[in-house]
Amino acid sequence: MNKKTEHFLRKNKLAVFLAAILCLILLAAVFAPWVAPHDPYEINLEKAKEPPQKAYPFGTDAQGRCILSRMIYGARISLFIGFCATASALFIGVLFGTVAAYFGGIADNIITFLIDVTLSLPGLLVAIAITVVFEPGVLTVLIALCIVGWAGFARIIRSSVISIKGQDYVASALVLGLSRKLVMLKYVLPNIIPIIFITASLRIGVFILSEASLSFLGLGISPPEPTWGGMIASSVSYVETAPWMAFFPGVALAVTIFCFNLIGDSMKDYVNFMGNRL
Amino acid sequence: MRRAAYILFVFLVFSGCGGKRDDFNTLFLRLAEEPSTLDPALAVDVYSGGIIAKIHSTLVRFDENLKILPDVAEGWEISDDGKQYVFHLKKDVKFSDGSRVSAEDVKKSFERILMADTLSSRKWMFEKVEGAADFIAGRTNEISGMEAPDENTIVIKLEEAFAPFLSILAMPNASIIKMRDKEITGCGPYRIKQWARGEKIVLEKNPEYSGAGVCMARILYRVIPNDFTAVSEFRQGKIDILGLNIPMLDALEKAGYKDMFYSRPGLNTYYVGFNCRREPFDNADARKIFAKAIDKKQIIKYVFNSRVEPAYSPVPPVLLYDGLWAMENNYIETTETVSFDRPFKLLINTSDEMQSIAEICQHFWKKRGIEIEITQRDWNGFKEALNNSEFDMFILSWWADYPDAENFLYPTFYSGNWGSAGNRVRYSNAEFDALITEARAETDIELRQNLYREATNIIVEDSPWVFLWHKKDYCAVQPWVRDFKMFPLYYSDKGTGIKITR
């Protein structure tokens, strides 16, 4: 770690703290079978709707399952969908964005049109429509989020590539006789990597929230698989009598999304601070 | 968004005016949803039906004990063969515009349901009337089996004896109406004063109503979609009578409102249905293995806090008032496991309640070594999958249209009603078919009940459903409401008799 980075991190203690929390959540999700105090699927009707206590730190749900254990397993699905949806949407977005910007002409027109169409549709509604048509499951949710999410990436990448394309070093590389493909891979793409990281970390929260919304509507992952959105949905009826059921998954969702957004922001500051280079 | 804005608005407006009541002539009620229509021919939901019952009258109606009472008709005779009904109308019944209700109005009201361009989904109510099929198909412009020999008499002839017909005539869809320039006028105790969509419906006393007991000048329904908003409105005294589901009941009980609760057994059955045409569910013994694995008493105790009644047959006990002898469908404690060659698909809709029930059933079946995959579909997808038989099992509830055991047996298990008509499990049993057909034609109540009982026992022994529970109806009533009666059917409450005291 160089001196400048160290200085930046010292100034942004909150970002470091949030990154640590996120790492904790990630670790808990990865090592769920060892971390979770109970089996998240184990129904125990005699213990239904128990408030937080020693054996069940976050209480139990309406079927007597341990809420903490379900949250830890739920983190797996939420984070997995968040990362995978971002990665796949990003892949399509970068591909279309660079192709449109670099080749221009008809390719640009068609892709820009597609981007505009996708962005003008209400994202969550389209996602709901997709999950209604296809068999519910992780893959359906991923496809739905990807179809809705790629355009945002594509637009940002396209405009960044256009601005980089006009730089003198790109022009000189072309004058030197390098092929367009090589210029693209060696000079243009490396320069948009910081932008990719920033938008991706900002979007991940949105995807996690969309998955939660779909699960909340009962259109996400099939029960009894625990998801944060699904857990909140099934505790709505108990808000008055067993508030812990909705509270803890809600907090987990809010904290995770907040962490991702703030880290995205800090990353942007960092890139600016380092002079647009990673 | 608009709903949210509305809730906020209601909150801001009403939080400013304090808890003191100054209007003793208005009954304040809650609507959980905007009624889809107030046209009696089109109404199918409880919200529409509940309001229609207050602004319209039917030939006969139910009292709070499900006894049939005269309403527009003052008396009736049923022929010995059960095929002919003669109704004598009261001479002083008037529409809210002051004109008299005649037998011709009754005839037109019923014909309207069967007309193709009315687009009513309740044509089945009058399908058994002689000549109805020809009328529906447009071959005749009058129903041959429905006659008005004079102003006060209407004669209805059925093609075959159909004992529940009188009950059907009490449904809100059979309301007597007068159409003028597409405006529907009713002859019920109230009439519509205002319908502000998404906000409220105001009914006012019908000055032409000749019946007794209309003590309220107005009924004000407010559309409050969120259950807990409604609970807090009730606690502030801004709703007089509030229908409760179990979470609302728990919340109000916790807040100390227990002595304001009323309850009644409800006319519904929650069940798990098997696909009786698909192996292994084509075998009653296999179905019973599934049924006996589910400990409904435990679910009722811990999930519903004992607020539902366990179901031992498809028919709610209120409608089948004598004991059943078959008990083949109930939980048996055992550690034995069974093995099937594949996991089974359990189809449910997206409601949280159904999800919770499905997860618990899955848990009980797993204890017997049976693997279940839960498939959750939104309501339309769910219905489509049900009608196309794309399931091994599903969870659903059946609610009565009219209070007769037949309504829980014939649509749901008769072999001619496969699919959307109600027999979604595609059950078929010739012996049952014969019994229920006989029962439908039997006009003697005792004999009919015996036939229903026999038919029900066949169903219990064959177990095409796992009978889960019958939900009870609950409501909370403010202490200033007098002479409140709880009706077992949402449409038998005409809003009469009830009073507000200072």
Side-chain angles (χ1 to χ4, degrees), chain A residues 39-51 60-65 70 122 124-125 127-138 140-141 144 213-227 229-243 245-246, chain B residues 1 226-229 231-232 235 244-255 294-305 345-367 372-382 384-385 390 395:
Chain A
D39 177 353
Y41 306 104
E42 176 67 37
I43 286 179
N44 193 348
L45 291 177
E46 285 99 341
K47 291 241 159 66
K49 296 179 245 175
E50 294 268 338
T60 62
D61 67 5
Q63 290 97 303
R65 296 174 297 199
R70 287 182 69 74
L124 193 60
L125 286 187
I128 289 172
I130 294 166
T131 46
V132 166
V133 173
F134 296 100
E135 281 279 307
V138 178
T140 312
V141 173
S213 310
L214 289 175
S215 295
F216 182 82
L217 297 171
L219 299 168
I221 318 297
S222 291
E225 222 56 63
T227 64
M231 289 173 76
I232 297 172
S234 53
S235 29
V236 167
S237 314
Y238 305 100
V239 166
E240 296 243 345
T241 44
M245 279 189 215
Chain B
M1 200 54 219
N226 185 292
D227 289 345
F228 293 103
T229 312
V231 165
S232 79
R235 291 177 61 177
L244 303 173
N245 59 25
I246 290 166
M248 291 163 83
L249 194 69
D250 288 337
L252 273 176
E253 186 176 346
K254 206 178 153 201
I294 291 179
D295 187 352
K296 59 191 157 209
K297 286 201 172 139
Q298 218 193 0
I299 305 178
I300 290 168
K301 186 172 169 201
Y302 293 105
V303 179
F304 293 104
N305 297 344
K345 195 170 144 185
L346 176 64
L347 182 71
I348 54 168
N349 64 28
T350 53
S351 92
D352 312 324
E353 190 189 18
M354 287 301 176
Q355 183 181 326
S356 172
I357 300 170
E359 286 172 346
I360 295 169
C361 290
Q362 184 183 39
H363 155 78
F364 279 119
W365 283 319
K366 202 171 179 180
K367 277 189 175 173
I372 300 291
E373 285 165 11
I374 300 173
T375 313
Q376 211 171 12
R377 306 303 301 257
D378 77 297
W379 183 244
N380 287 322
F382 175 73
E384 197 185 303
E390 292 160 9
I395 307 180

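Order of the sequence lines fixes the chain letters, A, B, ..., with proteins taken first and strands second; residue numbering starts at 1 for each chain. Just so it is clear, the values below take in all heavy atoms, side chains as well, and ignore hydrogens, waters and symmetry mates.
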Please report the interatomic distance [atom1]([X]) to [atom2]([Y]), rounded to the nearest 0.5 Å.
| X | Y | atom1 | atom2 | result |
| --- | --- | --- | --- | --- |
| B/Ser356 | A/Ile43 | OG | CD1 | 7.5 Å |
| A/Thr241 | B/Lys254 | OG1 | NZ | 6.5 Å |
| B/Gln355 | A/Ser234 | CD | OG | 6.0 Å |
| A/Tyr238 | B/Ile246 | OH | CD1 | 8.0 Å |
| B/Glu359 | A/Tyr41 | CD | OH | 10.5 Å |

Which bit of B/Asp250 comes within less than 4.5 Å of chain A, counting heavy atoms only: side chain, backbone, both or neither?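 Its backbone and side chain both get close to chain A.
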
Tell me, for B/Gln362 versus chain A, whether the close heavy atoms (under 4.5 Å) come from the side chain, the backbone, both or neither. side chain

When A/Gly137, A/Pro224, A/Ser222 are compared by non-hydrogen pairs under 4.5 Å with chain B, the top option: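 Option with the greatest count: A/Pro224.
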
So what's closer than 4.5 Å to chain B heavy atoms on [X]: side chain, backbone, both or neither?
| X | value |
| --- | --- |
| A/Lys47 | neither |
| A/Ala233 | both |
| A/Ile128 | neither |
| A/Glu46 | both |

Is there a side-chain contact between A/Leu45 and B/Phe364, using heavy atoms and a 4.5 Å cut-off?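 Sidechains of B/Phe364 and A/Leu45: in contact.
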
What heavy-atom pair brings [X] and [Y] nearest, and what distance separates the two atoms?
| X | Y | answer |
| --- | --- | --- |
| B/Ile360 | A/Gln63 | CG1-CG, 3.4 Å |
| B/Pro247 | A/Ser237 | CB-O, 2.9 Å |
| A/Lys49 | B/Asn305 | NZ-OD1, 3.8 Å |
| B/Ile374 | A/Pro223 | CB-O, 3.5 Å |
| A/Val236 | B/Phe228 | O-CE1, 3.7 Å |

Using the ring pair (Phe, Tyr, Trp, His ring centres under 6.0 Å) criterion, which residues pair with B/Tyr302? Sequence neighbours excluded. none

